[in-house]
> 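Structure provided below as structure tokens; questions to follow.
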Amino acid sequence: MTTTTTGTVPVTGAVGTAHTRVEGRDKVTGAARYAAEVPLAGLAHGWLVVSTIARGRIRALDPAPVRAMPGVLAVLHHGNAQPLESDYVGPMGPADPALQLFQHDRVPYAGWPVALVVAETSEQAREAAEALVVEYDEEPHDVAFAAGRPEAYVPAGNPRSPAEQGKGDLAAGLAASAVVVDEEYTTPEEHHHPMEPHTATAYWENGRLEVIDANQGSAYVAQELARLFALDPSAVRVRSEHVGGGFGSKGARAPQVAAAMAATVLHRPVRVVLTRRQMFSLTGYRSPTIQRVRLGADPDGRLRALDHEGLNQTSTVHEFVERSADVARAMYDAEAHHTVSRVLRLDVPTPTWMRAPGEAPGSFALECALDELAERCGLDPIAVRARNEPEVGPLSGLPYSSRRLLTCFEEGARRFGWADRDPRPGVRREGRWLLGTGTAAASFPTLAGPSTAAVTAEADGGYTVRITAADIGTGARTALALVAADALEVAPDRIRVRIGDSDFGQAMLAGGSAGTRSWAWAVTLAARALREQLALGGTIPPQGITVRSDTAEALAALPPRERHAFGAQFAEVAVDVATGEVRVRRMLGIFAAGRIVNPLTARSQLVGGMIWGLSMALHEEAVRDERWGGHVGADLAGYHVAANADVPLVEADWVDDPDEQDPVGIKGIGEVGIVGAAAAVANAVWHATGVRHRHLPIRPDRVLTAGAGDRG
Ligand code: MOS
């Protein structure tokens with residue numbers, strides 16, 4: 001932290017200076033309590049029972065034997081559960097049927113909650129839950145995700161961003177192109193699996209439903225619960241102080257609803273913690289995708305035609321669209337431009353947002369296709385991207401707020417040593433390893449959601465910020481302390497940031513890479529107004545002086561722009577020709593992603609995203625057993641996430657790119673780090689071996705069986 005004095009006005013430079021997490025010491029000493037660790041008198045423990053069939057009805061569920069087991073307090077199921085509201089549009093859209101716990105006897109997918117067993121201890125609840133016998137009338141199910149199925153449809157989308165969008169004559173554009181790429185790319189089902197499992201504790205106090213939760217937005221969860229239980233919004237309070245990762249999965253889920261139902265019945269606090277296995281069916285996931293990309297270009301690489309068609313799966317009960325084709329709308333222009341994301345309904349759980357939803361799988365297909373185009377044109381992959389740099393949004397016609405993609409490529413190429421690269425594939429050998437390098441572009445929308453904040457000048461000279469933000473491990477709490485410090489023109493150690501309490505009012509959730517931007521905006525407005533008020537003089541009363549802000553008006557007044565963060569990804573891989581193993585040797589990402597509030601935690605966010613990309617490229621794949629509809633190896637042994645031994649030197653850095661219209665200059669960095677990372681790895685594998693891998697993950701068996709065939 002540096003503070004300089006210009007005349008009489010102290011100018012603090014907290015924003016932009018590396019700062020360790022303000023709660024870091026509490027976390028490493030265990031003083032910080034995660035949701036399942038908060039002690040409560042009289043706490044009972046709930047254990048969910050989930051279906052073992054993918055489609056059908058519950059024929060029989062007899063709770064009596066289980067009720068007689070030691071410590072068991074209640075068994076909630078469709079025969080005794082209280083009715084929930086289902087006819088509403090909540091903060092996240094139409095009521096999610098997955099939150100309608102125990103309301104009927106139908107089973108729409110494997111892993112559907114059919115009962116909650118509550119006992120004095122977690123162990124007793126688990127033993128009883130495992131002893132509960134549920135009989136089903138099974139019906140034929142369909143979990144086969146495949147291209148070309150006639151039931152796939154184009155979803156309605158929303159008016160500002162339809163699922164299908166285009167311009168120009170695609171067939172003519174492709175016919176007039178000297179070079180055409182027409183390939184199918186697939187990505188598997190992937191799961192968030194934050195370190196901290198989903199958990200919630202509910203109890204009633206003074207006529208209010210209190211929930212201690214692990215979520216990405218306590219205001220949203222509180223509003224959803226108020227709707228579900230037909231309560232006045234002021235009668236629900238949700239707190240989520242420390243969160244061990246979310247990645248899109250930690251919204252309103254079964255644990256909050258189950259805990260609230262049980263607390264209502266038992267008149268005591270009830271805690272529900274999901275098992276790792278239950279998280280595979282109860283917390284959302286990234287849908288598998290099948291994508292077709294067609295690129296038509298002149299010999300110099302200039303695009304004439306671009307077609308990106310994505311397909312994802314959703315459940316039979318709720319629609320979720322993985323918008324994998326959207327990324328092309330921001331990235332590249334062509335006279336003929338068509339993008340569509342289609343959906344197929346199956347007897348599977350509803351997928352959800354997962355780190356860079358749409359962009360992560362979409363950029364794999366699009367950025368691999370660009371690499372294939374470069375190869376066929378005999379051009380450098382960066383040159384092809386430079387040739388197709390649009391002046392304005394390809395479909396919107398709007399100017400970019402800023403687009404420093406080529407600066408990222410220039411800086412990245414320089415630091416990675418790209419200039420020395422021999423473009424020929426399959427010619428670098430080091431013992432049994434073939435070596436290659438690859439690159440890809442990244443982008444992610446810059447968003448913001450209306451937020452309120454309160455900043456209090458305390459009588460002791462400190463300041464307290466209150467905002468319903470969520471720090472899901474990103475360092476958001478620390479970032480907000482730095483932002484408040486600069487807006488108040490005081491040192492960060494005088495700021496106390498309180499987050500994760502729905503009583504603090506409406507605020508954006510930690511999602512869409514928009515949390516810190518949205519909250520910093522609200523904190524800045526309140527802090528500046530407070531500073532002006534304090535400048536008028538006078539003493540601070542014991543209760544302090546509080547100023548509140550609301551960003552709704554400021555956001556509505558933003559001029560329309562193409563707002564995105566950008567980045568250039570680079571990877572070097574080694575491929576073992578004997579075993580098919582792919583090792584990433586190094587990765588470099590250079591980003592243009594707005595003003596960086598805290599370089600320490602920002603680097604961690606970007607590197608983390610890149611590691612997810614590596615993991616997506618080489619490891620992650622949830623395999624569904626079509627015979628019963630659930631997963632094979634539903635644990636972190638069967639579902640491998642890149643671990644230390646998989647991850648080499650990963651460097652992330654950025655170029656200066658403050659957002660002109662944001663009061664702090666922020667764009668958002670939560671998700672852009674994963675975008676393009678898997679494509680950079682796949683493109684490097686091609687460069688190493690001469691073989692295109694269009695299906696993720698690039699497993700050893702795929703490398704071996706691809707062999708000399710499927711050469712791109
Ligand atoms: Mo993120 S997938 O927008 O929580």
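FYI, side chains are in, hydrogens and waters are out, and symmetry mates aren't considered; it's all heavy atoms of this structure. Counting starts at 1 for both ligands and their atoms, following the listed order.
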> Give the contacting part of R355 toward ligand 1: side chain, backbone, both or neither, where contact means a heavy-atom distance below 4.0 Å.
backbone

> Under 4.0 Å from a heavy atom of E671: which atoms of ligand 1 are those, numbered in the order shown and with their elements?
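Answer for ligand 1: 1 (Mo), 2 (S), 3 (O).
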
> Salt bridge check: are R276 and D635 linked by an N-O gap of less than 4.0 Å?
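D635 and R276: not salt-bridged.
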
> Can you find a heavy atom in the side chain of H564 that is under 4.5 Å from one in the side chain of M331?
no

> Measure M354 to ligand 1 on non-hydrogen atoms and call it side chain, backbone, both or neither using the 4.0 Å cut-off.
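It is the backbone that gets close, since no side chain atom is under 4.0 Å.
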
> Please verify whether a non-hydrogen atom of G246 lies at under 4.0 Å from ligand 1.
no

> Is the H193-F280 ring centre distance short of 6.0 angstrom?
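Between H193 and F280, the centre distance is under 6.0 Å.
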
> Would you check the N or O atoms of W353, main chain and side chain alike, for any that come under 3.5 Å of an N or O of ligand 1?
no

> Could you grab the distance from atom CG of L395 to atom CD of E562, nearest 0.5 Å is fine?
8.0 Å

> With a 4.0 Å cut-off, would you call K250 and E196 a salt bridge?
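Looking at K250 and E196, the cut-off is met.
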
> In the structure I gave you, are the side-chain heavy atoms of E189 and Q313 within less than 4.5 Å of one another anywhere?
yes

> Using a strict 4.0 Å cut-off to heavy atoms of F247, name the atoms of ligand 1 that fall inside it.
2 (S), 4 (O)

> Less than 4.0 Å is my threshold; does some heavy atom of K250 fall inside it relative to ligand 1?
no

> Return yes or no for this condition: an N or O of G248 is under 3.5 Å from an N or O of ligand 1.
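Such a contact does occur with ligand 1.
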
> Does ligand 1 have any atom sitting under 4.0 Å from a heavy atom of A510?
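For ligand 1, residue contact (heavy atoms, under 4.0 Å) with A510 is present.
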
> Could you check, using the six-membered ring where one of them is a Trp, whether W353 and F247 have ring centers closer than 6.0 angstrom?
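No: the rings miss the under 6.0 Å criterion.
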
> Suppose I only count heavy atoms of G511 and a 4.0 Å limit; which atoms of ligand 1 are within that range?
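Checking each atom against G511, I get 1 (Mo), 3 (O), 4 (O).
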
> Looking at D659 and R517, is there a salt bridge between them, counting it only when a charged N and a carboxylate O are closer than 4.0 Å?
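A salt bridge is present here (some side-chain N lies under 4.0 Å from a carboxylate O).
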
> Counting from 1, what ligand 1 atoms have a heavy atom of P357 closer than 4.0 Å?
2 (S)

